[in-house]
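These notes concern the structure reproduced below.
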Amino acid sequence: VNRHADRVRRPVLAVISAAAVLSCLLAGAFGQELLARVAIFGMFAVSLDFLVGYAGLVSLGQAGFLGVGAYAYAYFAAVLGWPTGVSLVLALVAGALAATVLGYFAVRVAGVFFMMVTLALSMMIYAIAIKSRTFNGDDGLSGIPRLNMSWIGIDLDNAAVFSITMLVLLLVLWFSFDRLVRSPFGQTIVAIRQNENRMRALGCPVGRYKLAGFVVAGVGSALAGVMMVQQNSFVNPELTYWFLSGEALIVVIVGGAGTLLGPVLGTILVVLFEDKVSSLTDYWHFWTGILFVSIVLIAPDGIYGRLNAVAAKVWGRADDA
Amino acid sequence: MLTDPTFLALQFLNGLQFAALLFILSIGLSIVFGLLDFVNLAHATLYMFGAYLALTITHLLGSFWLSLLIAPFIVAAIGVLFYFGLLRRMQGKHTTQVLVTLGLVFIGSDVVRMIWGSQFHEVQAPDLLSGSVAVLGQTFPVYRFFVIAVGALCLVLLHFGLERTRLGALVRAGIDDKQTASSLGINVEYIFFVIFALGTWLAGLAGAIAAPVLTVFPGMDVQILTLTLIVVVVGGPGSLAGTVLASLLIGMADTFGRVLFPQIAVALIYLVMALVLLFRPGGLLPARKLL
């Protein structure tokens, strides 16, 4: 979205923040759980949006990197018993490494091929996780401790404190990505999406920039993974499965790719929808599928795009008068 | 074990059988992708429906042969329905195609649970093919030879269909250059439709054929989908020869990997794909030049 044409950025940010603060104050223990889940999925969606909406690399395997972060944190913190802070850093490094190695292959192809390659590579991570004895195969790892932040007086084992921390972390991540896409690096990434050949002709090392973007998104996804295992206190191969990648991609598109805030809106819609439906029926995949198909058909440019279209109409008339 | 020729021969046959199955499933996806520029993630879901329909029809009519005849047509009918209802509007929009067909995968996985339940099902091979034959002193199920034969038959028919018939020439023209083909008065839309229907028919056939070899369960679609996508990418979309080659490569790598290096078998296939993409980003035998 053109920044000058983006009229709803501030209102949406304000509404999301207000809703987050309000629900944090009003929610019970179960509501706090749900809130934290929304915030964590939001981190995943924002990271993926950087890749999809700005770099134009539509990844269908992002859950792979979420899984790498999750498993790495679980392994260091729960199996080896290392300090949680160190485990967090190592998990992000693991995410970066995995994204560098797999991205090296993936960014060589474009478009649909990129989707299929990222899908296959993430399924490789899934296959390794499910076969691995170190990671306890099918059953996964459990008993994963939350980050120890007692040294600054924060107790993450408290549900309300955890959900507030996750919301703040989402805000920080969103802000970082918002800065990043306006930085020279981010602008180069966007320019490559818009006209790769021209950028190459200008002497830009296109492949290296794409890989860097892929790694940044991988680290963001790994961060979301680390937070996800802390919330669940267990991790299993399901977390790396491509259904989760597809869900994240749909959240991004539904919210509005290339807007960073849109995917947060998409997350709120989809996570709350799935929470409601899965409490009503065993066949929640069915209804999620129906939701995906109908939303893609109704609002192909996403909720955020729709909001902007409405805003343009309203303000457009006001300007005329 | 590794040097035992009997063992290697049997594994080779197993690999060939799996490659034949992968070929029947992948060629539909590959041609639809190559010609229509359409990514149908629900292709494997149609395959799963083919397997379940074979199960039910065999049960109802008592004949696997009838189910082999009927199931693919029902699957093709479902595919055509979706083509007109949803998919036709998404020409050229890859992300939309992926998302909508992913939604269909979600829906399909629950629909089979609603109709057939979550349990695993077995389908009996017909009497004619249910025995085993001796291969170098070991027994090998006849049905697997049948799968190989069907795969070979599909290959021969598709080859002649594409190379020797008028429709085949039109399809090749469409894959080479859609715009020029349609400006020469070829009804590209009609060819798209025929190809899409054929692709879904093949998916249904693959499912029905696979039912007696593999177990029928919800999730059998996703299990084979990634392998199918790898075959399409490695072979080069829209390329018959490429799909054959990639099916053999992936089928053999999967089968031999499982018995020789069980720990890294799964990673082996992805390694093959990574190497192919590294040296030939458009696939082994691409049907057309990619950017």
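Each chain gets a letter, A, B and so on, in the order the sequences are listed, and its residues count up from 1.
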Treating A:Thr281 as the side-chain partner and A:Val277 as the backbone partner, does any N or O pair qualify as donor plus acceptor under 3.5 Å?
no
Which atoms of A:Val117 come close to chain B, meaning under 4.5 Å heavy atom to heavy atom: side chain ones, backbone ones, both, or neither?
both
Distance-only, no hydrogens or angles: does the A:Ser122 side chain make a donor-acceptor pair with backbone N or O of A:Gln62 under 3.5 Å?
no
Engaged part of A:Ile295 at the chain B interface, taking heavy atoms whose separation is under 4.5 Å:
neither
Contact origin within A:Leu297 toward chain B - heavy atom pairs under 4.5 Å
side chain
Counting only heavy atoms closer than 4.5 Å, note whether B:Val100 contacts chain A via side chain, backbone, both or neither.
both
A:Phe292-B:Phe106 aromatic ring centre distance below 6.0 Å:
yes
Sort A:Met115 into side chain, backbone, both or neither according to what part of it lies under 4.5 angstrom from a heavy atom of chain B.
side chain
Going by the rule side-chain hydrogen bond (donor to acceptor under 3.5 Å, both in side chains), which residues pair with B:Thr95 if we only count those two or more places apart in sequence or in a different chain?
none
Determine yes or no for a side-chain-to-main-chain donor-acceptor pair under 3.5 angstrom, with B:Arg113 supplying the side chain and B:Gln119 the backbone.
no
The interface call for B:Leu86 against chain A, heavy-atom contacts under 4.5 Å, is side chain
Is a side-chain donor-acceptor pair under 3.5 Å present for B:Gln11 with B:Thr255?
no
B:Ile230 versus chain A, the contacting section by heavy-atom distance below 4.5 Å
side chain
Examine the side chains of B:Trp116 and B:Thr56 and answer whether a donor and an acceptor come within less than 3.5 Å of each other.
yes
Does OH belonging to A:Tyr104 count more than 12 external heavy atoms closer than 6.0 Å?
no
Checking A:Thr259 side chain against A:Gly262 main chain: does a donor-acceptor pair fall under 3.5 Å?
yes
If one checks every heavy atom of B:Met90 against chain A at 4.5 Å, the contacting part turns out to be side chain
Name the orientation class of the two ring planes belonging to A:Phe243 and A:His285 (parallel below 30°, tilted from 30 to 60°, perpendicular beyond 60°).
perpendicular
Between B:Phe38 and B:Phe33, does the ring centroid distance fall short of 6.0 Å?
no
Among residues 215-227 of chain B, which ones touch chain A with a heavy-atom distance under 4.5 Å?
B:Val222, B:Leu225, B:Thr226
What part of B:Leu102 gets within 4.5 angstrom of chain A, counting heavy atoms only: side chain, backbone, both, or neither?
side chain
Scored by heavy-atom pairs under 4.5 Å with chain B, the best of A:Val109, A:Val58, A:Ile250, A:Ile128 is A:Ile250
Chain B shares the most heavy-atom pairs under 4.5 Å, among A:Phe105, A:Tyr241, A:Trp284, with A:Phe105
